[in-house]
Amino acid sequence: MRAMLFEGVGTPLREAELEQPVPGPGQVRLRVRGCGVCRTDLHIVDGELAQPKLPLVLGHQIVATVAELGRGASRFERGELVGAPWLGRTCGRCRYCRSGRENLCDDARFTGYTIDGGYAEETVADERFCFPLPADYEGLQAAPLLCAGLIGYRALRLAGEAELLGLYGFGAAAHIICQVARSQGRRVFAFTRPRDESSQAFARSLGAEWAGPSDERPPEPLDAAIVFAAVGELVPAALAAVAKGGSVVCAGIHMSDIPSFPYDLLWEERLVRSVANMTRDDAEEFMSVARSVPLHTEVEVFPLAAANEALARLRSGAVNGAIALAVE
């Protein structure tokens with residue numbers, strides 16, 4: 001089985017031949033069609049997420065068909081199209097799992113980080129943490145839904161009923177959530193890197209009424225802002241842009257240090273919070289939203305063997321939308 005293997009910080013992914021994975025009890029063996037390339041993958045490769053399984057097959061936005069059922073697995077049929085996301089397993093026993101917050105599980109396992117992921121021809125996954133994909137998404141169009149969409153949707157929910165919504169960083173997640181927000185009647189304001197006119201035009205094409213550089217204030221105070229970019233300096237900027245009682249939601253798994261800022265930015269009941277992982281309920285709800293909007297995803301596709309080039313392309317910030325690896 002062909003796979004792209006991560007063996008440690010400072011080394012490129014290596015193409016390798018691995019043994020075909022065997023599904024354990026409750027697992028399914030998946031024949032991977034493709035896998036999204038996520039900013040989290042870069043955080044792992046760069047050592048910013050410090051405890052990966054090694055060696056590791058990256059990738060947690062897996063579009064696949066079910067090839068084999070492990071003992072006791074019965075949720076899917078062979079040949080069914082499914083997605084396998086970041087959350088790969090939870091304990092089901094800790095206080096977070098027992099209170100509907102499995103995304104905070106004390107003993108969670110994560111696809112493409114602590115268990116092998118989808119930069120490979122095949123992988124295995126716990127069937128309870130896979131879910132059926134909308135059949136009307138062609139090719140790898142569904143891949144960005146499995147992390148960018150899921151985490152973005154959770155962040156949008158935590159932003160509350162904000163009518164004026166700012167999106168800081170207009171990449172894979174923001175290009176999906178902009179569409180969801182517009183379908184809900186919200187007004188979207190997109191913030192990009194200074195002088196990134198391409199991303200600003202892309203945001204406007206998806207319904208943002210204003211798009212500009214992240215070092216500028218929006219034309220009106222925002223009700224809430226979601227920070228997708230992993231840049232801590234954007235948190236004070238977003239706080240300065242939201243109105244009294246507004247919230248700033250940090251949607252990444254890693255962010256550079258947030259600089260100190262005056263209390264006046266936080267005063268008047270402004271709120272800063274983070275988003276961690278996702279739940280299976282999030283996935284079911286969001287997939288229903290994806291069908292009903294319906295969501296369109298922009299995906300730049302690379303072959304599996306070009307995974308290093310795909311990561312470099314993502315790092316450059318020059319992508320409008322998302323990136324995925326085609327395996328089949």
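Nothing fancy with the numbering, it's 1 onward along the sequence. In this text, all values refer to a predicted model and were calculated from it rather than measured experimentally.
Leu239 CG to Leu271 CG: the interatomic distance, rounded to the nearest 0.5 Å, is 9.0 Å. With rounding to the nearest 0.5 Å, the separation of CG in Leu104 from SG in Cys97 is 9.0 Å. In this structure, CG in Leu206 is found 10.0 Å from CD1 in Ile176, a value given to the nearest 0.5 Å.
Side chain of Thr90 to backbone of Cys105: no donor-acceptor contact under 3.5 angstrom is found. Checking side-chain atoms of Lys53 against main-chain N and O of Pro55 turns up a donor-acceptor pair under 3.5 Å. Looking at Asn103, its side chain does come within 3.5 Å of a backbone N or O of Ala276 through a donor-acceptor pair. The main-chain N or O of Val299 is never found under 3.5 Å from a side-chain atom of Thr297 such that the two would form a donor-acceptor pair. Arg33 places no side-chain N or O within donor-acceptor distance of the main-chain N or O of Ala64, the cut-off being under 3.5 Å. Under the 3.5 Å distance criterion, the side-chain polar atoms of Arg217 are left unmatched by any main-chain donor or acceptor of Ala237. Within the 3.5 Å criterion, the main-chain N or O of Glu77 finds a donor-acceptor partner in the side chain of Glu80. Between the Arg75 side chain and the Glu127 main chain, a donor and an acceptor come within less than 3.5 Å of each other. Of the possible polar contacts, one joining the Asp116 side chain to the Val57 backbone as a donor-acceptor pair under 3.5 Å is found.
A cation-pi arrangement is absent between Arg89 and Phe129, since the terminal nitrogen or guanidinium carbon is not both under 6.0 Å from the aromatic centre and inside a 45° cone about the axis.
Under the ring pair (Phe, Tyr, Trp, His ring centres under 6.0 Å) criterion, Phe110 pairs with Trp86, not counting sequence neighbours. Contacts of Tyr153 classified as ring pair (Phe, Tyr, Trp, His ring centres under 6.0 Å), with partners at least two apart in sequence or in another chain: Phe286.
Asp46 has a carboxylate O that lies under 4.0 Å from a charged side-chain N of Arg315, or vice versa, which qualifies the two as a salt bridge. Looking at Arg29 and Glu122, a side-chain N of the basic residue comes within less than 4.0 Å of a carboxylate O on the acidic one, giving a salt bridge. With salt bridges taken as basic N to acidic carboxylate O contacts below 4.0 Å, one links Glu15 and Arg2. For the pair Arg270 and Glu268, the salt-bridge criterion is met [side-chain N within less than 4.0 Å of a carboxylate O]. Contact check on Arg204 versus Glu209 returns no salt bridge, with no Lys/Arg side-chain nitrogen under 4.0 Å from an Asp/Glu carboxylate oxygen. The existence of a salt bridge linking Glu300 and Arg313 is confirmed by a sub-4.0 Å separation between a basic side-chain nitrogen and an acidic carboxylate oxygen. Between Glu163 and Arg186 no salt bridge is recorded (no basic side-chain N to carboxylate O distance below 4.0 Å).
Between Glu102 and Thr279, the side chains place no donor N or O within less than 3.5 Å of an acceptor N or O (distance only, hydrogens not considered). Looking at Tyr119 and Asp41, their side chains do bring a donor and an acceptor atom within 3.5 Å of each other.
Other residues, nucleotides and ligands contribute only 12 or fewer heavy atoms inside 6.0 Å of the CZ atom of Arg93.
Pairing each heavy atom of Val327 with each of Ala120, the nearest pair is CG1-O, 3.6 Å. Pairing each heavy atom of Gly118 with each of Cys35, the nearest pair is O-CB, 3.4 Å. Of all the heavy atoms in Leu87 and Thr111, the pair that sits closest is C-OG1, 4.3 Å. The shortest non-hydrogen separation linking Leu56 to Ile115 is CD1-O, 3.9 Å. The two residues Ser198 and Asn320 have their closest heavy-atom pair at OG-ND2, 2.9 Å. Of all non-hydrogen atoms in Met278 and Arg154, the two that sit nearest each other are CA-CD, 4.4 Å.
Test Val82, Val124, Val63, Thr65 against Leu30 for side-chain contact (heavy atoms from CB on, under 4.5 Å) and you get one pass: Val82.
Screening residues 4-14 for side chain to side chain donor-acceptor pair (under 3.5 Å), with sequence neighbours left out, gives Glu7-Arg14.
Under a hydrophobic clustering in which Ile, Leu, Val, Met, Phe, Trp and Tyr are joined whenever their side-chain heavy atoms come within less than 4.5 Å, directly or via other members, Val235 and Phe170 fall into different clusters.
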